[in-house]
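Have a look at the structure below, then the notes.
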Amino acid sequence: MTAKFKANSKLWLTQKYSPLELENKVRAFWDENQTLKKVAQIRQKNNKKQLGYVEGPPTLNGIPHIGHARGRVIKDFHYRLKVMQNYYVSFWAGWDTQGLPVELEVEKTLGAKNKKELIARVGEELFVEECKKSIMKYHKHWVDADTMLGMFIDQDKAYFTHQDRYIEREWQYLKRAWEQNLLGEGHYVVAYCPHCQTSLSNAEVGLGYQEVEDPSMLFKFKVDQTENEYFIVWTTMPFTIITDMMLGVKPEEDYAKVKVKDEVWILAKERVEPIMEELEIENFQVTEVMKGKTLVGKKYDYPLKDLVPKQGELDKHPLVHTVVAEEFVDVTTATGIVHLAPANGEDDFLASQKRELPMFAPFGDGAIFTEDAGVFAGNFVRKTDSMVVEELEKRNLLLSIKKIKHEYPTCWRSKHKLVWLARREYFLWTNKLNKKVVDAALDVEYFFDSPKNRFLAFLKEGKPWCVSRDRIWGSPLPVWVCDECNHKVLVASRKELIEKAIDLPDKDFELHKPWIDRIKLKCEKCGGKMTREHFVLDVWHDSGSSPYARFSDEEFEKFVPTDFLTEAVDQTRGWANSLLLEHIIMTGKAEAPYKQFLFQGFVLDAKGRKMSKSLGNVLETSQMLKERSADISRYYLLGKCSPIDSMNFDPNELKKRPYQVLSTFYYLHNFFLQNAEYDNFDPTTHTLQWAKTENVLESPDCWVLSKVQRLVKVFTQKAEVCEFNSALSQLEDFVVNILSREYVPMIRKDLWSDEPETLNRRLAVYATLYYVLRKLVLLFNPATPFLSEALHQMIYKELDNSLAETVNLEDWPEPDQALEDDALEEEFAILQKTLPLVYSARQDSQLKRRWPLAKVVVVASTNVHNAIKKLEPLFLELANIKCVEYADSVPDVDSELWATATEDEITVLVDKVRDDSLEGEGLMRDLARRVQALRKELGFSPTDIVDAVHLAELEPRNVELLKPYIAEMEGLVRTKKIHIHDNADEFKADWHQDKLDKKKLYIAVV
RNA sequence: GGGCUUGUGGCUCAGUUUGGCUAGAGCGUUCGGCUGAUAACCGAAAGAUCGAGAGUUCGAAUCUCUCCAGGCCCA
């Protein structure tokens, strides 16, 4: 007899689960059959509904790491689930290709001291070419990683944010904003490097914190209309006194009036002592304490009006040079009163904007003061620090001047100290839309409360959006300004540009700098020449316009609002926000462009540290997937914890539980197929219906069939609400516990036989396994698509060719109520609670499970008794006991003769006494087990029949005990004859020494 | 510095919304057992002052406050 493993010949299904090999074969299969495309095409033609999806475009400036993989796996999980539920989803890739990170990469490649020098050297054309090369290099890495991961996202339909057709549609958002007066000029404070003469992004600012030395100046401003009252203030940037506009206090904190000599000083109460100590003032007296908010509106004498005439003009504004209350003021350091220079600090700036103060930003290129700064004009801002100190001293307003070392942002490139400067920028006045924004956001499903609250809290701030950037590689801001009359137009299409151009150097121009800057338009007002504003757009505007920009008009109608989007939690302020704002600008409706948004937690390293280049703990996806299974990685990423929690990723954990679950699932298929093929099981004729009609379904089958309905229900429900971890743990429990640990042992004995008269029973088991395993393959597919596809192709399609050509086109399982049986599940739960008690009692008395015993007494309530009675044959077989008795209370028994175990309300008593017959049978099972082990070791297949089995050096008493069971044993170990020898020397054979209860014996198999 | 979030045996996670029997599970470890699908599994043992401290309460992992540490976002 030969092995009954037909599918082996296909080279796909191997005896051993080797996920890497298997996944390679599945990848090749998908590739060869264009499965991804086919699935999409079929669903496009034939679907329950079309669902919109737009890809949150990864920036192509780095290699995808395991954190990205988490998001991609969740996206793919959702896609496959929806496809199997008969939806078409526009699951098309997209890439963010512009902006600072790309420019930095190119600067590095080309070697640059600073941007100005570089552009002067290579020119913008070459710079832009290099940017394109750079992104395409990374694009390849991303597509490779996606392929390795098994992402069924359509790469051919990908959008790239730098493509002209994308930019042109992105401009439509700006056009809508322009028409609604939601786009315009304003000021914003940005970090600026005076050496590189460029502004820096927040990300760049974060790169360059260093310890530097600055002046530490304590000074006073006189309260207006008083003789001797002063606000006490501290700063490390004396030059900002030049642009000073307000003083800030914290509204709910205590401030004190302190008498010092003949003056009254005002500062935070808790800072009085430390400041007096610092100034070495011993005689002082707190005369009054008041809340910060009571100081609001008090005017102070701005001391440098004579030097900065412009400040004198500003002083006429009712709020300029007065006290305001702001929550950001810190009363635990310095004096608890801060001076606010809106042109030189973001908090200051926002405080001024909120109150609609006029802007005073007297800076030119290189952070040099302009004429507006009076006597300070012509100086680099920080150079005036000492001048300001001097002037305050002259006016008796200086209390102390020292040096301080502190952490301060410097330019990561030139190491120069950064300054914050208000610059002219373009804004989307999204603050005007705030109510719509918040309302729209409230309608979205976020699945979990914490990210929702966080997102809403952020949105409620309702800040205007500064969309202009002073860079090269980006979508240009399509605003042209007349050189003559300053008239502005926004031109949002290529066609219109060509029509309006007076200077069009090249008809095939690209919508990028520098080409677009060469286009001059004719002013419709005065006929003058119009020049484009030099800005490019914030990259968040690029990606935020994807719902309109990546689709056609028709697709936009169909797919937006999209159904389900998911990104990491850092996108709260990023893409989730820009999508929302732009969509509201575009449609005018209080509607988000997504119905559901899942914010995922971050992936950290095994020790919970952030992954960073400097720590060297970044795990690249493709690199990892060369050695690790994609299925197992996917399973791990989805299953380890809730998607909103941050995850400590430890590659070593992949081979633990996730591997165990998937391998068990795989081996269950081995087990099923091995047996089913042997009996020529045909799922199309041997259906569950057939088994019912033939009356060959037994209680374990009905139980597992009922259980799987519940699994389908719960799994689907959990998956729909993004509790992937709970869904998978249900699946895991089913595979490992319900099927492998419980069901298989129950039906194993039915499969041992190969008699024709029990064939139908075996076929019923196969029908059950086929049904259950196939459901599991489908449930597994969104998480582990390689394994599911492999099993579908190798087993299910092999057995039933009418099935879909890929597992992805199979229908998602629906629970079948007809197969649910709550009462039976309850009975089995009782059985499974009682059995371990028997095992436990046996263990205590060293009674091996393969030794049959005479009797067990179950002491429990009636419903436990009834359940066991109903399942009695099964109970006895699994307990390996000949008979069971039932009792209501624990009888008084001799513990020498009875082994007991108790849990909750159930006690079992096991009869320890074994007569010769029981002992003989137990011995036979012991020996059989050892023979089986040897057979396996010698390479026999389970179904091979061996000529003879020889046993030697058994004790004489054991030989006697064994005799009645020789025939049974011959059947069990599949041999024609068992020979028993006193001594191994008697017979020449390949003897193997073994041990039975610490005594030597010899076995040979021929 | 601010907002949000996490902290539970060696490891990974439940449990916290709504306070309540002895804080659960899986992995790992040790001992024993089972096993012709399985690196699965079964029985038992060791192992947690539930981040620390204080408070509320008859009772706190759970509620409140403070602090410490990690993470995200923002300054």
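Lettering of chains follows the sequences in order, A, B, ..., and the numbering in each one begins at 1.
- The aromatic ring centres of A/Tyr636 and A/Phe649 sit less than 6.0 Å apart.
- In the set B/rC34, B/rC41, B/rU12, the nucleotide with an atom closest to the side chain of A/Asp926 is B/rC34.
- Ring planes of A/Phe681 and A/Tyr766: perpendicular class, angle over 60° (limits at 30 and 60°).
- Across all strands shown, A/Asp645 has heavy atoms under 4.0 Å from sugar-phosphate atoms exclusively, and none from any base.
- Each of A/Thr430, A/Leu459, A/Leu456, A/Asn577 was checked for a side chain to side chain contact (heavy atoms under 4.5 Å, CB included) with A/Val437, and the lone residue meeting it is A/Leu459.
- Consecutive pairing runs in RNA chain B reach the stem threshold at B:1-7 with B:68-74, B:10-13 with B:24-27, B:29-33 with B:41-45, B:51-55 with B:63-67, where a stem means at least three Watson-Crick or G-U wobble pairs with distances under 3.5 Å.
- A gap of 23 Å separates the P atoms of B/rA45 and B/rC50, to the nearest Å.
- No engagement by A/Asn737 is indicated, since no non-hydrogen atom pair under 4.0 Å with the nucleic acid exists.
- Side-chain proximity of A/Gln674 to the nucleotides B/rA75, B/rA37, B/rC41 is greatest for B/rA37.
- Distances from the side chain of A/Gln660 to the nucleotides B/rC27, B/rA75, B/rC13 place B/rC27 closest.
- At distances below 3.5 Å, not a single donor-acceptor pair connects side-chain atoms of A/Asp348 with backbone N or O atoms of A/Asn344.
- Here the side chain of A/Tyr667 is nearest to one of B/rA37, B/rC42, B/rA75, namely B/rA37.
- Ring centers of A/Tyr17 and A/His669: at least 6.0 Å apart, outside the cut-off.
- Comparing the same atom, C1', in B/rC72 and in B/rU35 gives a spacing of 48 Å after rounding to whole Å.
- Using a 4.0 Å heavy-atom criterion, one finds that A/Arg748 contacts the bases of the nucleic acid, with or without backbone contacts as well.
- At a cut-off of 3.5 angstrom, the base of B/rA37 holds at least one donor-acceptor pair with the side chain of A/Ser740.
- Take the nearest nucleotide of RNA chain B for A/Asp347 and for A/Pro745: the residue whose nucleotide is more 5' is A/Pro745.
- Taking atom C1' on both B/rC67 and B/rA48, the two are 22 Å apart, rounded to the nearest angstrom.
- Taking the six-membered ring where the residue is Trp, A/Phe599 and A/Tyr446 present parallel rings, their angle staying beneath 30° rather than reaching 60°.
- A 4.5 Å side-chain heavy-atom check between A/Asp214 and A/Met237 finds every atom pair outside the cut-off.
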Between the protein and nucleotides 64-73 of chain B, list the N/O to N/O atom pairs that are separated by less than 3.5 angstrom.
{"unit_1": "B/rG70", "atom_1": "O2'", "unit_2": "A/Gly608", "atom_2": "O", "d": "3.2"}
{"unit_1": "B/rC72", "atom_1": "OP1", "unit_2": "A/Lys610", "atom_2": "NZ", "d": "3.2"}
{"unit_1": "B/rC72", "atom_1": "O2'", "unit_2": "A/Arg454", "atom_2": "NH2", "d": "3.1"}
{"unit_1": "B/rC72", "atom_1": "O2", "unit_2": "A/Arg454", "atom_2": "NH1", "d": "3.4"}
{"unit_1": "B/rC73", "atom_1": "O4'", "unit_2": "A/Arg454", "atom_2": "NH2", "d": "3.1"}
{"unit_1": "B/rC73", "atom_1": "O2'", "unit_2": "A/Arg573", "atom_2": "NE", "d": "2.4"}

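- If you check every strand for non-hydrogen atoms under 4.0 Å, A/Phe672 touches nothing.
- Residue-to-nucleotide contacts include no donor-acceptor pair under 3.5 Å from the side chain of A/Tyr666 to the base of B/rA37.
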